[in-house]
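One structure is given here, and the rest of the page talks about it.
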Amino acid sequence: MIKISRKVRIDVLVAGSGLSGIKVSKELADQHHQVLLVTKLKIASGSSFYPLKASLGTQVTKDEDDQEIFLRDIENLSRGMHRQDLAEVYVKEIPDRVQEYAEIGVNAKKLAGERKACFAEHPRDIYLLSDWDQIRENVRGIFELYENLKIMENTVVIHLIKKEQQIVGALLLDEENELVLVECKAVILATGGFGSIYKHNLNPNDVDGSGHVLALEAGASLVNMEFIQFIPGITTPRYKTLFGEHTLMYCHDIVDENGESLLDPYLPEGVSRKECLKIRSTHGPFTHSLASKYVDIAMMKQIIASNSEEGFKLLYDSKLYENEEEFYTVYLNWLKEKNIHLIENEIRIAPFAHASNGGVFIDTFGRTRIAGLYAIGELSCNIEGANRLGGNSTGACMVFGKRAAVDCGKYVQTVEFYNFHEHEGIDHVKKLFGNDAESNNSGTQNEHNDLVNQVHKMIGRIKEIMWYHGNVVRSEKQLSLALIEIKKMESKVNWRLFFEQKATRKLAVKARNFIKLSKILLRAMLERKESRGAHYREDYPYEDSKFAKRLFVSEDQDSKIQYEFLHK
């Protein structure tokens, strides 16, 4: 029988412990609010602290004159899909916010001189963040100083509860998979992206799109979900290692199993291999907006045709290791620590899922359209459009983490707690996992074991489907077939039986989220019948002015998902 193990009352519940979750939690604690930070793994996790990256960068407005230039850089790259108000806030406030990294235990080192960030047309100051283990230790030490800041690790938020369009609580699964009912005045979601829904990704497993489903089911909207960043990742000699695209400046060619050029058959007349690789060396994510797109398209087309995921070999010039620029040496030295040498080893790469440019629709304070519900970090739509400038995602965690804390701090002083009865929490569980969710008939052990194996296979299959059909190269045929298969898998799962078993509750939540989110992503890719930025449709290979609108995703009262192109 399912029951609530305990109730917790707190001013603000923060979900996620990456840069944005850490920033907003400390800011609220400094305002003397009672804060509960929950994280799926340990404190300081998610893509912000992914261990297979040498460093992360933050791009900073260099002076007042640069604000307008920076805004134009964002606008030009967004292909009309960005939010101007969010971008204006970012370029104005990031110089101050980058100075606050040390307050949350992050060592941000400014690179010597100015540098063009990924996709940027103009050079700016870049701050590098690194040494994740030390940062985790710093964060834990800082948080221990606050009696009003509690942490629940290995804990998952499974549902947000609202009354009259206002957030009043949440349901959690704690470290022991027990149900916890939270009474709170506000919830700040900082759960990150959804990269792990793809078979090959450069994210930890906790970046699984849970916050998107929570926000959508609470009444918030999603936007720009089809614009997903895919970047080359190393498959050999060390799988799932971040590839430094800047090294392609020293790459002669990318070759297939037979040693033949992968690029040459795909390059149009007038675009040379050298030119294509040179452009590709300036940005990590794939984009349809530049001629460098043929690198990623060629790789993914070959993978789909051959059904091989081993990746493609890079042929480097030895002069690569003569470049003593800090941006190169930091990366190459980090690879050396991993026993990777780009000249001496055979290096293979393939497209990996990386980050989402879309997310929960917010205003300049991280507010959704539901009172008391905020979304920040990669989870939110933020300033990005069809493409994202490098170094903006980390900075946005700081900018909107600060702004959300300021607004939320004021908001919680205006509302009262809602007193829950245990049965209300149980009713919400029933709606999520079936009306018989508290039945004593939990099935035999064999039935449960079979179900566990079925769900593990289903999650693995969804990840494979998304990588083959929702990766760089997309088409109506591929996307439609993928949707049909996922819906068929969904119909075979007994969610009630699966959730009843305490040991597998988190797996049930993840599987349910993967089903829902994969359908949303595939449908969004289908709806946008054009190619724009990070979204490439093989059957609609050109940008179309008819689709110069943002695609909004919402859920109605009958739990039906709605898709609508809007100018907002």
Side-chain angles (χ1 to χ4, degrees), residues 77 79 118-119 198-200 202 226-236 243-317 342 346-354 386-387 466-479 481-482 525 528-544:
L77 195 66
R79 309 305 305 164
C118 175
F119 286 131
Y198 284 87
K199 182 177 183 180
H200 301 293
L202 286 170
E226 65 272 33
F227 298 117
I228 305 166
Q229 288 187 328
F230 293 90
I231 64 175
I234 295 175
T235 59
T236 300
F243 173 69
E245 73 282 349
H246 51 296
T247 64
L248 288 176
M249 182 68 76
Y250 295 90
C251 183
H252 296 305
D253 202 359
I254 306 175
V255 298
D256 62 18
E257 285 296 320
N258 301 316
E260 297 179 357
S261 175
L262 190 70
L263 281 175
D264 287 352
Y266 289 91
L267 292 176
E269 188 175 346
V271 179
S272 69
R273 186 196 310 165
K274 181 178 181 180
E275 180 186 5
C276 183
L277 288 170
K278 181 179 180 181
I279 299 171
R280 194 64 185 80
S281 73
T282 66
H283 60 92
F286 162 78
T287 178
H288 171 264
S289 308
L290 300 172
S292 53
K293 63 187 176 184
Y294 298 108
V295 171
D296 309 78
I297 291 172
M299 285 195 289
M300 202 62 221
K301 287 282 288 182
Q302 189 71 12
I303 288 167
I304 293 171
S306 66
N307 205 36
S308 171
E309 303 166 23
E310 294 182 0
F312 305 96
K313 187 177 179 181
L314 300 175
L315 304 181
Y316 277 110
D317 189 317
L342 297 183
E346 179 179 294
I347 306 297
R348 291 177 177 268
I349 62 172
F352 280 63
H354 180 230
N387 298 303
M466 291 302 299
W467 195 71
Y468 271 100
H469 301 294
N471 197 299
V472 170
V473 178
R474 305 164 183 174
S475 69
E476 183 166 355
K477 180 180 179 181
Q478 286 178 295
L479 296 169
L481 288 173
M525 296 171 194
R528 186 168 290 281
K529 294 178 172 60
E530 64 159 357
S531 293
R532 184 185 295 262
H535 173 70
Y536 171 63
R537 284 284 297 267
E538 189 177 23
D539 44 355
Y540 295 96
Y542 303 104
E543 193 172 296
D544 188 338

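Since the structure is predicted, the reported quantities are computational estimates derived from the model, not experimental observations.
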Is there side-chain contact between [X] and [Y], with at least one heavy-atom pair below 4.5 Å?
X	Y	answer
Pro351	Met300	yes
Gln229	Thr287	no
Gln302	Leu262	yes
Ile349	Leu314	yes
Tyr294	Pro268	yes
Leu202	Phe243	no
Ser289	Leu77	no
Leu267	Cys276	yes

Given Gln478, Glu309, Lys199, the one that forms side-chain hydrogen bond (donor to acceptor under 3.5 Å, both in side chains) with Tyr468: Glu309
Could you verify whether a donor N or O on one side chain and an acceptor N or O on the other, from [X] and [Y], lie under 3.5 Å apart?
X	Y	value
Ser308	Ser306	no
Tyr316	Thr247	yes
Asp296	Tyr536	no
Ser261	Asp253	yes

Steps toward side chain to side chain contact (heavy atoms under 4.5 Å, CB included) verdict (Thr236, Ile347): CA-CA 6 Å; Thr236 300; Ile347 306 297; over 6 Å; no
Side-chain donor or acceptor of Glu226 paired with backbone N/O of Met525 under 3.5 Å: no
If I take atom [atom1] from residue [X] and atom [atom2] from residue [Y], how far apart are they, to the nearest 0.5 angstrom?
X	Y	atom1	atom2	result
Glu538	Lys477	CD	NZ	11.0 Å
Glu257	Glu310	CD	CD	5.5 Å
Phe230	Phe286	CZ	CZ	9.5 Å
Trp467	Ile303	CH2	CD1	3.5 Å
His288	His535	NE2	NE2	10.0 Å
Arg537	Arg532	CZ	CZ	13.5 Å

Can you name the closest pair of heavy atoms from [X] and [Y] and give their distance?
X	Y	value
Cys251	Leu277	O-CD1, 3.4 Å
Ala350	Gly311	CB-CA, 4.1 Å
Asp539	Glu476	OD2-N, 2.9 Å
Arg474	His469	CG-O, 4.1 Å
Cys118	Gly284	SG-N, 3.1 Å
Tyr266	Ala298	CD1-CB, 3.4 Å

Asp544/Lys529 under side chain to side chain contact (heavy atoms under 4.5 Å, CB included): CA gap, chis, key distance, verdict: CA-CA 8 Å; Asp544 188 338; Lys529 294 178 172 60; over 6 Å; no
All side chain to side chain contact (heavy atoms under 4.5 Å, CB included) counterparts of Ser292, not counting sequence neighbours: Ile279, Arg280, His283, Leu290
Ion pair check, Arg348 and Glu346, cut-off under 4.0 Å: yes
